[in-house]
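The structure appears below as structure tokens.
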Amino acid sequence: MIVAYLLVVVRVLVCVAFIVLIERKVLGYIQLRKGPNKVGVIGVLQTCSDAAKLFTKEQLVPRYGNMFMYYLGPVRLFLVCLFM
């Protein structure tokens with residue numbers, strides 16, 4: 001049963017990646033410029049590189065905060081949204 005849920009989650013994430021790619025290509029054509037074709041084969045890895053850039057950005061960390069809860073909050077919210 002868990003494997004079935006993981007397959008659904010992976011399929012949804014792959015579909016979202018391709019929808020983002022198509023959206024960027026269409027916006028590139030509308031604005032008369034090339035779309036995201038610089039990363040990977042015909043731009044397939046563009047979404048992965050955007051995610052990596054997002055996760056490696058410098059973050060502001062509270063000085064006296066609970067670090068575990070600080071990092072767990074967005075992950076928990078993402079998982080709730082993903083499983084809904």
Side-chain angles (χ1 to χ4, degrees):
M1 187 168 162
I2 293 174
V3 173
Y5 286 128
L6 288 176
L7 285 175
V8 169
V9 168
V10 168
R11 287 179 182 168
V12 167
L13 290 176
V14 168
C15 287
V16 167
F18 278 108
I19 288 172
V20 168
L21 177 67
I22 291 169
E23 176 190 19
R24 294 181 88 160
K25 287 281 192 183
V26 170
L27 289 175
Y29 286 125
I30 289 173
Q31 297 172 2
L32 298 175
R33 62 178 174 81
K34 291 184 178 181
N37 57 358
K38 303 295 183 204
V39 181
V41 179
I42 63 170
V44 174
L45 298 177
Q46 182 71 40
T47 305
C48 296
S49 70
D50 288 343
K53 181 178 73 172
L54 178 68
F55 287 123
T56 58
K57 289 177 88 171
E58 183 180 347
Q59 296 180 358
L60 298 175
V61 179
R63 183 177 296 177
Y64 299 110
N66 185 351
M67 296 306 296
F68 180 72
M69 293 304 289
Y70 181 75
Y71 285 116
L72 186 67
V75 172
R76 192 175 59 200
L77 181 65
F78 173 73
L79 289 176
V80 167
C81 291
L82 192 63
F83 287 125
M84 287 180 87

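Residues take their numbers from the sequence shown, with the count starting at 1.
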L79 with L13, same ILVMFWY side-chain cluster at under 4.5 Å = yes
Is V20 reachable from V12 through a run of I, L, V, M, F, W or Y residues, each pair having side-chain heavy atoms under 4.5 Å apart?
-> yes
Answer yes if V16 and V8 sit in the same cluster of Ile, Leu, Val, Met, Phe, Trp and Tyr residues linked by side chain heavy atoms under 4.5 Å apart, and no otherwise.
-> yes
Is V9 reachable from V3 through a run of hydrophobic residues whose side-chain heavy atoms are each under 4.5 Å from the next?
-> no
Same apolar cluster (I L V M F W Y, side chains within < 4.5 Å links), V75/F78 | yes
With rounding to the nearest 0.5 Å, note down the distance linking CG in L77 to CG in L72.
-> 11.0 Å
